[in-house]
Amino acid sequence: MIRYGFTILTRAGQRVENVSIIAGSQGDAERRLRQMYVQCQVLACRERSIPRRFDPASMAGMIDLMGISPPTIQHHG
């Protein structure tokens, strides 16, 4: 996903900066923007990638840590 930052001019003529929308494409972001700000004019659009929460390296590290100590099963009888 990508974070899009828009600077817009509302239909009333007010300038709004840094309207932030997370979307898969700029077209999707603009569609959602126009649902919130009907008849707005886009003055600028910036995009920035959002880092993933789990990258493959840290996920492999987590799996290694889980493999160090196997779960303990206790039977009560």
Exercise for review: Looking only at non-hydrogen atoms, find the nearest pair between N18 and G5 and report the distance.
Suggested key: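 In this case the closest contact between N18 and G5 is OD1-CA, 4.4 Å.
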Check your understanding: What are the two closest non-hydrogen atoms of A23 and A29, and how far apart are they?
Key ->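 Looking at all heavy atoms of both residues, the closest pair is CB-N, 3.7 Å.
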Rounded distance (nearest 0.5 Å) linking atom [atom1] of [X] with atom [atom2] of [Y]:
| X | Y | atom1 | atom2 | result |
| --- | --- | --- | --- | --- |
| I21 | R31 | CD1 | CZ | 10.0 Å |
| C45 | F6 | SG | CZ | 4.0 Å |
| I22 | M1 | CD1 | CE | 7.0 Å |
| D28 | I2 | CG | CD1 | 10.5 Å |

Sub-4.5 Å side-chain heavy-atom contact between [X] and [Y]:
| X | Y | answer |
| --- | --- | --- |
| Q26 | Y4 | yes |
| T7 | V16 | no |
| Q41 | I8 | no |

Practice item. Give a yes or no on whether Y37 and L9 share a hydrophobic cluster (residues Ile, Leu, Val, Met, Phe, Trp, Tyr; joining criterion: side-chain heavy atoms under 4.5 Å apart). Key: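 No: no chain of side-chain contacts under 4.5 Å links Y37 to L9.
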Exercise for review: Give a yes or no on whether L43 and M36 share a hydrophobic cluster (residues Ile, Leu, Val, Met, Phe, Trp, Tyr; joining criterion: side-chain heavy atoms under 4.5 Å apart).
Suggested key: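 No: no chain of side-chain contacts under 4.5 Å links L43 to M36.
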**Study point:** Non-neighbouring partners of R15 that pass salt bridge (charged side-chain N to carboxylate O under 4.0 Å, His left out), sequence neighbours left out
**Key:**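 So R15 forms a salt bridge (charged side-chain N to carboxylate O under 4.0 Å, His left out) with E17.
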Review point. For R34, what residues pass the salt bridge (charged side-chain N to carboxylate O under 4.0 Å, His left out) criterion, not counting sequence neighbours?
Key: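 Partners of R34 under the salt bridge (charged side-chain N to carboxylate O under 4.0 Å, His left out) test: E30.
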